[in-house]
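Presented below is the structure to which this report refers.
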Amino acid sequence: MRKRLAAGNWKMNMTPSQAKAFVAEMAESMKDAKNEVLFCVPAIDILPAMEAAAGTNIQIGAENLYFEEKGAYTGEISPLMLMDAGVKYVIIGHSERREYFAETDDTVNKKVLCALAHGLTPIMCCGESLKLREQGVTMDWVRMQVKIGMQGVTAEQAKGMVIAYEPIWAIGTGVVATTEQAEEVCKGIRELIAELYDAETADAIRILYGGSVNGKNCAELFAQENIDGGLVGGASLKPEFVQIANA
Ligand code: 13P
């Protein structure tokens with residue numbers, strides 16, 4: 001039985017004081033949420049958001065990490081820092097990181113292995129551009145991203161991981177993938193996990209859909225057999241996230 005995960009990705013939004021106030025404001029309305037609830041927030045917001053989330057069902061995660069424990073990597077955040085702050089989940093390989101910060105499937109793989117080695121749970125992102133979808137290679141592309149991203153990950157580790165399928169053309173555009181499109185790729189990812197590992201691992205791993213998820217479309221998406229929740233950008237900055245937490 002996979003528990004659904006409603007995960008927010010704040011991206012580069014919310015100052016530390018706004019983060020604290022928003023989490024505190026959301027805590028009351030989310031206290032009976034059906035799904036596991038998580039906000040992945042900018043590094044500087046992690047501690048104030050954690051403070052506001054203490055004693056609630058809201059979890060605070062990170063949006064990125066670097067694959068070394070410490071050293072001369074100016075501006076980066078290490079797995080030890082995240083663990084010490086009490087973080088469990090970390091987004092890895094978001095398409096914005098790939099597009100603007102030159103992340104590749106190989107760096108994603110290094111980050112995934114590093115997160116797992118430190119007891120963090122990766123939310124590993126994948127997804128195709130509009131051009132790739134139109135060229136008919138969506139599943140080939142996503143399979144390649146997942147296959148490289150998970151090189152060296154054991155079945156035991158894979159079972160606890162989260163994969164987020166986020167078609168790039170649906171991110172921040174208001175154009176949500178159809179339920180059929182989202183389910184088709186999430187199902188394909190689960191089949192790939194069965195190929196790479198086994199049926200038990202495929203059954204345990206959680207696969208999220210992301211891309212213009214909102215309070216209105218979340219119920220239908222989350223009702224799909226292979227969609228175990230959502231990775232949510234814009235709507236995770238608004239009170240409507242409560243609907244997603246309950247979908
Ligand atoms: P939106 O929900 O704003 O489309 O963003 C999706 C996303 O990129 C979540 O990681």
Side-chain angles (χ1 to χ4, degrees), residues 4-14 18-19 22 26 35-43 45-46 49 58-65 77 87-101 103 105 108 111-112 115 120-130 132-133 138 141-142 145-146 149 161-179 181-183 185-186 189 206-222 224 227-247:
R4 285 201 190 83
L5 175 62
N9 171 13
W10 284 2
K11 310 192 178 184
M12 199 175 73
N13 292 290
M14 300 265 192
Q18 287 170 335
F22 181 73
M26 292 297 282
N35 303 329
E36 190 178 341
V37 287
L38 166 73
F39 290 120
C40 292
V41 307
D45 294 344
I46 291 174
I58 298 175
Q59 301 175 84
I60 303 299
E63 297 180 10
N64 186 26
L65 90 170
I77 308 288
V87 163
K88 176 180 174 202
Y89 290 101
V90 55
I91 298 174
I92 295 176
H94 191 279
S95 62
E96 288 149 18
R97 301 276 337 154
R98 296 173 188 258
E99 185 180 350
Y100 306 130
F101 305 100
E103 291 204 11
D105 290 330
V108 168
K111 290 181 175 197
V112 165
L120 293 158
T121 300
I123 300 177
M124 187 184 80
C125 301
C126 59
E128 82 289 3
S129 63
L130 186 58
L132 289 166
R133 176 159 284 270
T138 295
W141 178 262
V142 169
Q145 288 183 314
V146 173
M161 269 183 68
V162 180
I163 296 177
Y165 166 57
E166 300 203 305
I168 296 169
W169 48 272
I171 295 177
T173 56
V175 182
V176 64
T178 65
T179 315
Q181 287 171 327
E183 166 65 10
V185 179
C186 291
I189 294 170
R206 286 188 291 180
I207 304 174
L208 311 182
Y209 166 77
S212 297
V213 174
N214 61 35
K216 289 204 179 73
N217 59 28
C218 56
E220 194 182 318
L221 285 163
F222 293 10
Q224 303 307 302
I227 302 180
D228 305 315
L231 185 57
V232 184
S236 75
L237 299 162
K238 300 180 199 155
E240 97 183 74
F241 192 71
V242 176
Q243 280 148 265
I244 299 166
N246 280 302

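Just so you know, ligand 1 is whichever comes first in the structure, and atom 1 is the first atom listed for that ligand. Bear in mind that the values here come from a model prediction, so they are computed numbers and not experimental data.
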More than 12 heavy atoms of other residues, nucleotides or ligands under 6.0 Å from NZ of K216: yes or no? no
More than 12 foreign heavy atoms under 6.0 Å from CH2 of W141: is that the case here? no
Working to the nearest 0.5 Å, report the span between CD of E103 and NE2 of H94. 11.0 Å
So the atoms of ligand 1 within less than 4.0 Å of a heavy atom of H94 turn out to be 7 (C), 8 (O), 9 (C), 10 (O)
Below 4.0 Å from ligand 1: does a non-hydrogen atom of A170 turn up there or not? yes
What atoms in ligand 1 come closer than 4.0 Å to a heavy atom of G211? 4 (O), 6 (C)
Report yes or no: does N35 contribute a side-chain atom to a donor-acceptor pair with the main-chain N or O of A245 at less than 3.5 Å? yes
Close approach of G210 to ligand 1, heavy atoms, under 4.0 angstrom: no
Check ligand 1 against L231 and write out every atom of the ligand that is under 4.0 Å from a heavy-atom position of the residue. 9 (C), 10 (O)
Interatomic spacing from CE in M14 to OG in S236 - rounded to 0.5 Å: 7.5 Å
When you measure from atom 2 (O) of ligand 1 to every protein heavy atom, which one gives the shortest distance, and what is it? G233 N, 2.9 Å
Within-cut-off N or O pair, T173 and ligand 1, under 3.5 Å: no
Taking distance alone, with N or O pairs closer than 3.5 Å, would you say I171 contacts ligand 1? no
Taking only heavy atoms of K11 into account, list the atoms of ligand 1 that are under 4.0 Å away from them. 5 (O), 6 (C), 7 (C), 8 (O)
To check your reading of the model: name the closest protein heavy atom to atom 7 (C) of ligand 1, its residue, and the distance in Å. E166 OE2, 3.1 Å
Residue G234 vicinity, atoms of ligand 1 by number, heavy atom under 4.0 Å: 1 (P), 2 (O), 3 (O)
Find the distance between CD1 (I227) and OG1 (T179) and round it off to the nearest 0.5 Å. 7.0 Å
Distance-only, no hydrogens or angles: does the W10 side chain make a donor-acceptor pair with backbone N or O of P42 under 3.5 Å? no
Checking N9 side chain against G233 main chain: does a donor-acceptor pair fall under 3.5 Å? no
The test is side chain to side chain donor-acceptor pair (under 3.5 Å); show your working for N214 and K238 and say whether it passes. CA-CA 10 Å; N214 61 35; K238 300 180 199 155; over 6 Å; no
For ligand 1, which atoms have a heavy atom of G172 less than 4.0 angstrom away? 1 (P), 3 (O), 4 (O)
Side chain, backbone, both or neither: which part of N9 comes within less than 4.0 Å of ligand 1 when only heavy atoms are counted? side chain
